[in-house]
Amino acid sequence: MKIYSYETLDSTNEFMKNNVSKFEEYDVVTAENQTLGKARRGNTWVSQKGMALFTFLVKKDENSSINDSKYLKLPLLAGFSVIKGLKKIENLDYMFKWTNDVFLYGKKITGILVEKVENNFFVGIGININNSLPEELSETACSISEVTGKHYDIKEIITSVIKEFKILFEKFLNGKWDEILLEINQISYLKDKKVHLKINRAYFSGIVKNINYNGELEILIDDKIHTFSVGEVFEEKIRVIK
């Protein structure tokens with residue numbers, strides 16, 4: 001694994017995709033700033049100095065029995081890897097939010113975007129580490145430094161996350177997905193919460209249960225379990241009127 005560091009890139013995912021022939025599996029591209037960072041569903045990712053902004057390469061094993069549908073679990077594995085990697089550095093109560101976000105004390109600290117081009121998977125991760133979030137995001141997001149008051153070595157965190165991903169991915173390829181999924185469900189941020197899930201223009205409301213074997217979110221709606229493989233989830237907030 002080699003880490004290629006840049007001061008500014010448009011997007012670490014785009015840079016690695018455009019130069020993929022230069023990289024080996026698990027090589028990393030990291031940037032202090034991104035000018036055109038992307039989030040899921042085409043949203044713009046807010047980039048700040050002090051964040052861990054990086055992309056690493058995973059190559060599909062043509063000799064493996066793992067099919068494309070199995071690789072759809074990569075976002076779940078990536079999110080869980082972030083938690084395990086962060087815990088090695090700072091042991092806080094991180095939670096996993098389906099499909100691939102990490103929360104800390106009810107606020108988002110990580111966003112992940114996995115893209116596939118031919119047989120290559122580009123795992124893009126942004127973690128709020130040493131940055132201070134703007135006021136307009138302070139109710140929904142935070143950085144680890146804001147919580148602990150400490151300053152962290154970003155390269156050490158990136159290395160820790162990828163190390164944990166390699167361990168988890170090897171377990172996954174060796175048929176240990178049940179084991180991994182059990183751990184993920186134990187730290188599920190959404191479990192037993194009332195949520196609204198949006199798919200295009202359709203909305204569904206219910207109580208979140210588990211993430212199932214296929215990586216789908218189970219939601220209890222009118223006493224029946226419904227499963228969702230995609231969708232934007234909004235937690236229902238209780239407003240206190242004074």
Side-chain angles (χ1 to χ4, degrees), residues 3 9-17 25-31 34 36-48 50-60 70-89 92 94-104 107-117 120-129 131 133 137 140-144 154 157-169 172 177 180-181 183-185 187-190 211 215-217 228-235:
I3 297 180
L9 291 174
D10 54 357
S11 158
T12 54
N13 268 35
E14 290 302 313
F15 183 86
M16 183 166 264
K17 285 192 292 184
E25 187 161 41
Y26 295 117
D27 279 354
V28 186
V29 168
T30 180
Q34 290 187 128
L36 295 173
K38 294 189 299 181
R40 293 176 63 235
R41 291 176 289 273
N43 295 325
T44 300
W45 173 258
V46 176
S47 172
Q48 290 182 304
M51 296 177 66
L53 300 167
F54 61 102
T55 298
F56 63 92
L57 178 63
V58 178
K59 294 186 176 182
K60 183 178 177 182
K70 299 286 187 181
Y71 276 91
L72 293 176
K73 298 184 177 75
L74 277 181
L76 301 175
L77 292 169
F80 191 34
S81 300
V82 168
I83 291 176
K84 292 178 77 69
L86 287 175
K87 275 188 166 290
K88 293 290 174 66
I89 308 297
L92 300 174
Y94 310 102
M95 302 291 286
F96 180 87
K97 180 176 180 285
W98 183 89
T99 55
N100 52 11
D101 290 335
V102 176
F103 272 54
L104 179 61
K107 297 183 179 183
K108 182 175 176 175
I109 62 166
T110 300
I112 296 168
L113 175 67
V114 179
E115 298 181 291
K116 182 189 177 191
V117 179
N120 297 310
F121 294 86
F122 302 87
V123 184
I125 299 177
I127 311 173
N128 294 327
I129 304 294
N131 54 311
L133 276 295
L137 296 178
T140 57
C142 69
S143 72
I144 298 175
I154 290 176
I157 287 175
I158 291 172
T159 302
S160 180
V161 168
I162 295 174
K163 181 180 177 181
E164 292 300 326
F165 180 88
K166 290 169 73 173
I167 293 169
L168 281 173
F169 194 51
F172 172 69
W177 173 240
I180 297 168
L181 184 60
E183 290 186 75
I184 291 174
N185 273 313
I187 53 169
S188 172
Y189 175 76
L190 294 173
I211 299 166
E216 300 164 325
L217 189 66
F228 299 88
S229 59
V230 295
E232 192 169 2
V233 180
F234 303 92
E235 180 184 353

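Since this is a predicted model, take the numbers as computed values, not measurements.
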Exercise. Just wondering, are more than 12 heavy atoms of other shown residues or ligands nearer than 6.0 Å to NZ in K88?
Worked result: no
Exercise. Near K163 NZ, under 6.0 Å, is it more than 12 heavy atoms from other residues, nucleotides or ligands?
Worked result: no
When rounded to the nearest 0.5 angstrom, what distance separates [atom1] in [X] from [atom2] in [Y]?
X	Y	atom1	atom2	answer
S229	L217	OG	CG	10.5 Å
L92	I83	CG	CD1	11.5 Å
Q48	L133	CD	CG	5.5 Å
I187	K87	CD1	NZ	7.5 Å
L76	L181	CG	CG	8.0 Å
K97	S188	NZ	OG	10.0 Å

For this session: Test V233 against F228 for side-chain contact (heavy atoms from CB on, under 4.5 Å), laying out the working first.
Result: CA-CA 10 Å; V233 180; F228 299 88; over 6 Å; no
Is there a side-chain contact between [X] and [Y] (heavy atoms, below 4.5 Å)?
X	Y	value
D27	F56	no
T110	Y94	no
F165	L77	yes

Problem set entry | Derivation of the side-chain contact (heavy atoms from CB on, under 4.5 Å) call for I211 and E216 | CA-CA 5 Å; I211 299 166; E216 300 164 325; over 6 Å; no
For residues [X] and [Y], report the shortest heavy-atom separation together with the two atoms involved.
X	Y	answer
K59	N120	CG-OD1, 3.5 Å
Q34	T12	OE1-N, 2.8 Å
I154	M51	CD1-O, 3.5 Å
I158	A52	CG1-CB, 4.2 Å
N128	A141	ND2-CB, 4.5 Å
G85	S160	O-OG, 2.8 Å

Exercise. Under the side-chain contact (heavy atoms from CB on, under 4.5 Å) criterion, do F169 and L74 qualify, and how do the steps go?
Worked result: CA-CA 8 Å; F169 194 51; L74 277 181; 3.7 Å; yes
[X] side chain to [Y] backbone, donor-acceptor under 3.5 Å:
X	Y	value
N131	I129	yes
T30	F54	no
N100	G79	no
T55	F122	no
W98	G215	yes

Exercise. Cation-pi between K73 and F172: NZ/CZ under 6.0 Å from ring centre and within 45° of the ring axis?
Worked result: no
Exercise. Given L86 and I109, is the side-chain contact (heavy atoms from CB on, under 4.5 Å) satisfied, shown in steps?
Worked result: CA-CA 11 Å; L86 287 175; I109 62 166; 3.9 Å; yes
